[in-house]
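Right, one structure below, let's go through it.
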Amino acid sequence: MIIATYNVNGVNGRLPVLLRWLAERQPDVVCLQELKAPQDKFPEAAIAEAGYEAIWHGQKSWNGVAILSRIGTPVETRRALPGDPDEAQSRYIEAAVGGVLIGGLYLPNGNPRPGPKFDYKLRWFDAFARHARELLDADMPVVLAGDYNVMPTDLDVYKPERWRDDALFAPEVRAAYANLVAQGWTDALRTQHPDETIYTFWDYFRNAYGRNAGLRIDHLLLSPTLAGRLRAAEVDRHVRNWEKTSDHAPVWIELGEATRRSRR
DNA sequence: ATGACGGCGTTGCGCCGA
């Protein structure tokens, strides 16, 4: 079972790239972020044509999240984060698919720091961590996948010293991420590649991709039973080099079959 | 410190992202 996350930076503008990548990778489940489209402008038909059922929570111009599945209808469990400090922003959606609970998230950027946007980021992170704890306590197989807008460590930034005061790398935010993971989650990509420089985002400026001046900010966190089923975790970084591409690359994991030992 | 690039929309500029 392949589960992916992809910040598309505009689902309609990105549609040809998204469809090309879906055909190439053939993921079973995909979390999308930054749809940048209102609810009625989601390209449902084109995505269905590609073999995927979808649920989504749109918003005009900004944010917006979706879950796609080619292994059965995503059974929606939530379309907002409990306790979200600003419910007008579409940043969380959750569904059961293929025996796994999938939480798709787009954590606030938080810049500039300090400021109200940074405060919102920390409050959102708090609410998210509380929800994550409840999911762990329910002892279900869970994947929390999306754009966390956090580089967890120095290894995840091309020039850590340039980012120390940024909302994506500030001590408070890295601590929030570390505390979240410490609840019992497994950072799939980092677990599979413990010492590797591996990025999921390269900005559009200054030939960032060509210079590999990237960031690792898109993460898939696995609950304990799923951590034992992790077979692979990769970034489809070549997609970042396609024409009309997103500034993020898709990230995916492969989970082995549930065994009696790992089930529930 | 700033801008660059790219997507969106009371659209050919201003705002936002990271």
Side-chain angles (χ1 to χ4, degrees), chain A residues 5-21 31-43 46 56-66 86 88-92 104-122 124-125 128 146-174 176-177 189 197-219 235 237 239-251:
Chain A
T5 179
Y6 187 18
N7 180 323
V8 289
N9 188 15
V11 70
N12 287 302
R14 205 67 59 218
L15 193 56
V17 165
L18 174 61
L19 295 175
R20 179 180 171 190
W21 172 73
C31 297
L32 300 179
Q33 303 87 39
E34 281 207 85
L35 303 179
K36 291 187 169 181
Q39 189 68 13
D40 63 353
K41 291 285 164 43
F42 183 83
W56 64 96
H57 190 187
Q59 180 186 331
K60 193 171 75 171
S61 304
W62 315 116
N63 310 318
V65 286
D86 179 0
Q89 302 192 28
S90 298
R91 295 184 176 275
Y92 188 76
L105 65 134
Y106 176 45
L107 210 136
N109 175 304
N111 276 309
R113 168 185 177 269
K117 290 188 175 181
F118 189 68
D119 296 341
Y120 173 64
K121 179 177 195 166
L122 293 180
W124 203 97
F125 219 139
F128 180 61
D147 179 355
Y148 283 69
N149 270 317
V150 180
M151 296 86 87
T153 73
D154 283 7
L155 188 54
D156 304 311
V157 198
Y158 68 100
K159 251 184 198 137
E161 60 279 13
R162 289 257 178 102
W163 290 84
R164 297 282 174 215
D165 297 325
D166 191 275
L168 278 70
F169 199 52
E172 310 92 296
V173 171
R174 276 183 290 147
Y177 185 85
L189 197 57
T197 296
I198 180 163
Y199 300 137
T200 66
F201 167 92
W202 299 260
D203 78 28
Y204 289 120
F205 316 147
R206 310 175 218 94
N207 188 32
Y209 183 72
R211 297 185 295 118
N212 198 28
L215 309 172
R216 189 174 75 94
I217 55 177
D218 300 274
H219 309 301
V235 179
R237 75 192 305 286
V239 173
R240 179 61 181 78
N241 208 30
W242 289 355
E243 289 295 317
K244 300 288 290 177
T245 200
S246 172
D247 39 8
H248 296 249
V251 186

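Lettering follows sequence order; numbering is per chain, from 1. Quick caveat, the model's predicted, so the values are computed rather than measured.
Exactly one of A:Arg162, A:Lys159, A:Arg216, A:Arg164 qualifies for a salt bridge (Lys or Arg N to Asp or Glu O under 4.0 Å) with A:Asp154. That residue is A:Arg164. Of the listed residues (A:Tyr158, A:Trp202, A:Tyr199), just one forms a ring pair (Phe, Tyr, Trp, His ring centres under 6.0 Å) with A:Tyr209, and that residue is A:Trp202. Of the residues A:Ile217, A:Asn7, A:Thr200, the one that meets the side chain to side chain contact (heavy atoms under 4.5 Å, CB included) test with A:Val251 is A:Thr200. Each of A:Gln33, A:Lys36, A:His248 was evaluated against A:Asn9; a single residue qualifies, A:Lys36, per the side chain to side chain contact (heavy atoms under 4.5 Å, CB included) test.
To the nearest 0.5 angstrom, A:Leu215 atom CG is 9.0 Å from A:Asp156 atom CG.
Between B:dG17 and B:dA4, the two C1' atoms lie 13 Å apart (nearest whole Å). Rounded to a whole angstrom, the distance from the C1' atom of B:dG7 to that of B:dT11 is 12 Å. Separation of the P atoms belonging to B:dG3 and B:dC8 is 24 Å when rounded to the nearest angstrom. When the P atom is used for both B:dC15 and B:dT10, the distance is 15 Å, rounded to whole Å. Between B:dA18 and B:dG6, the distance separating the two P atoms is 16 Å to the nearest Å.
Within 4.0 Å (heavy atoms only), A:Asn149 reaches sugar-phosphate atoms of the nucleic acid but no base atom. No contact: A:Asp203 has no heavy atom under 4.0 Å from any strand. Residue-level contact check: A:Asn63 touches neither bases nor backbone, having no heavy atom under 4.0 Å from any strand. Looking at heavy-atom distances under 4.0 Å, A:Lys117 makes contact with sugar-phosphate atoms alone, never a base. Using a 4.0 Å heavy-atom distance criterion, A:Asn7 is classed as a sugar-phosphate-only contact. Across all strands, A:Tyr106 comes closer than 4.0 Å only to sugar-phosphate atoms, never to a base (heavy-atom distances).
Mapping A:Gly10 and A:Phe201 onto DNA chain B via the closest heavy atom, the residue that lands nearer the 5' end is A:Gly10. Residues A:Leu215 and A:Val11 both approach DNA chain B. Their nearest nucleotides, taken by heavy-atom distance, put A:Val11 toward the 5′ side.
Of the residues in residues 155-164 of chain A, none has a non-hydrogen atom less than 4.0 angstrom from any atom of DNA chain B.
Extent of DNA chain B lying under 4.0 Å from chain A heavy atoms, first and last nucleotide in 5' to 3' order, is B:dG3 to B:dA18.
When all heavy atoms of A:Phe125 and A:Val150 are compared, the closest pair comes out as CE1-CG2, 3.7 Å. A:Ala167 approaches A:Asn109 most closely through the heavy-atom pair CB-O, 3.5 Å. Across all their heavy atoms, A:Val8 and A:Glu34 have their closest contact at CG2-O, 3.8 Å.
Aromatic ring orientation, A:Phe42 versus A:Trp56: parallel (interplanar angle below 30°, classes split at 30° and 60°).
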